[in-house]
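So the structure is just underneath, and the comments pick up after that.
If you read the sequence from its start, that first residue is 1, and numbering goes on from there.
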Amino acid sequence: MIIYDTANKLAQEIKQSEEYINYKMAKETLNLNTELKNKIKQFEEIRYNVQVEVIQTGKHNEEGEKKVQELYLELIQNDEAKRFFETETKFNLIIADINKIIGEAIKGVIQ
């Protein structure tokens, strides 16, 4: 079917995009620095837990949000971590945009 060919072509184009390549390189570089990788993992776990708490309770955890902000500010002092976050954000943005385009195309049948 043509739709699968199109999806496979999109997957290939994503893998060839500047955003994907830069993000992949940043992740590979980060994997070489175990200490920094662990700090980012810890940051992401705390950020996730704070977000889940807000969703579950409907209340902001100011202490948790402050901790996330402090950890982030500390991490971006490191050029490698800063590059990782920047490339991750750019990559996530194109994926979100693609999802939005697909969502708009099918919203008439899923509503």
Side-chain angles (χ1 to χ4, degrees):
M1 293 183 78
I2 295 174
I3 192 87
Y4 293 108
D5 293 339
T6 302
N8 284 317
K9 186 173 189 243
L10 174 60
Q12 274 306 115
E13 289 185 22
I14 289 171
K15 287 181 179 179
Q16 294 171 358
S17 72
E18 180 180 338
E19 294 83 357
Y20 175 89
I21 292 167
N22 289 341
Y23 181 44
K24 184 177 178 186
M25 287 187 338
K27 283 189 85 158
E28 289 170 355
T29 301
L30 182 64
N31 285 334
L32 298 174
N33 186 336
T34 306
E35 182 180 340
L36 182 59
K37 181 181 174 182
N38 288 336
K39 283 182 181 180
I40 289 176
K41 183 179 178 184
Q42 178 188 21
F43 162 76
E44 290 175 343
E45 287 173 358
I46 293 170
R47 178 175 61 177
Y48 173 79
N49 289 334
V50 168
Q51 289 172 342
V52 167
E53 183 179 344
V54 170
I55 292 168
Q56 289 177 340
T57 66
K59 298 177 184 176
H60 286 276
N61 176 342
E62 290 182 23
E63 184 178 314
E65 290 172 356
K66 184 178 179 184
K67 177 72 174 169
V68 168
Q69 186 175 11
E70 288 171 356
L71 286 171
Y72 179 75
L73 291 174
E74 177 185 327
L75 283 168
I76 63 168
Q77 297 303 309
N78 179 296
D79 288 339
E80 191 176 315
K82 184 176 180 180
R83 177 167 155 60
F84 172 77
F85 286 127
E86 288 172 352
T87 60
E88 180 182 52
T89 299
K90 288 178 183 177
F91 178 72
N92 286 337
L93 182 60
I94 69 163
I95 297 303
D97 288 346
I98 291 167
N99 285 331
K100 182 179 178 184
I101 292 166
I102 293 169
E104 287 291 320
I106 64 172
K107 76 177 180 181
V109 295
I110 61 172
Q111 290 181 341

Does a sphere of radius 6.0 Å around [atom1] in [X] hold more than 12 heavy atoms from other residues, nucleotides or ligands, not counting ones at 6.0 Å or beyond?
X	atom1	answer
Glu62	CD	no
Ile2	CD1	no
Ile106	CD1	yes

Considering only distance and modelled atom types, tabulate donor-acceptor pairs under 3.5 Å from the side chains of residues 38-56, sequence neighbours left out.
from	atom 1	to	atom 2	distance (Å)
Asn38	ND2	Thr34	O	3.3
Asn49	ND2	Glu45	O	3.2
Glu53	OE1	Asn61	ND2	3.0

Straight-line distance of [X] [atom1] to [Y] [atom2], nearest 0.5 Å:
X	Y	atom1	atom2	answer
Asn92	Asp97	CG	CG	11.0 Å
Ile94	Tyr23	CD1	OH	11.5 Å
Leu10	Ile102	CG	CD1	6.5 Å

*Just grab all the salt bridge (charged side-chain N to carboxylate O under 4.0 Å, His left out) pairs involving residues 100-111, residues at least two apart or on different chains.*
Glu104-Lys107

*Would you mind reporting whether Phe91 and Ile14 have side-chain heavy atoms less than 4.5 Å apart?*
yes

Distance-only donor-acceptor hits, side chain of residues 67-78, under 3.5 Å, sequence neighbours excluded:
from	atom 1	to	atom 2	distance (Å)
Gln77	NE2	Leu73	O	3.4
Asn78	OD1	Glu80	N	2.8
Asn78	OD1	Ala81	N	3.0

*Other cluster members, Leu93 - Ile/Leu/Val/Met/Phe/Trp/Tyr, side-chain contacts below 4.5 Å*: none

*Could you name each residue pair satisfying side-chain hydrogen bond (donor to acceptor under 3.5 Å, both in side chains) that touches residues 12-21, not counting sequence neighbours?*
Lys9-Glu13

*With sequence neighbours left out, write down each residue that passes side chain to side chain donor-acceptor pair (under 3.5 Å) with Asn31, or none if nothing qualifies.*
Lys37

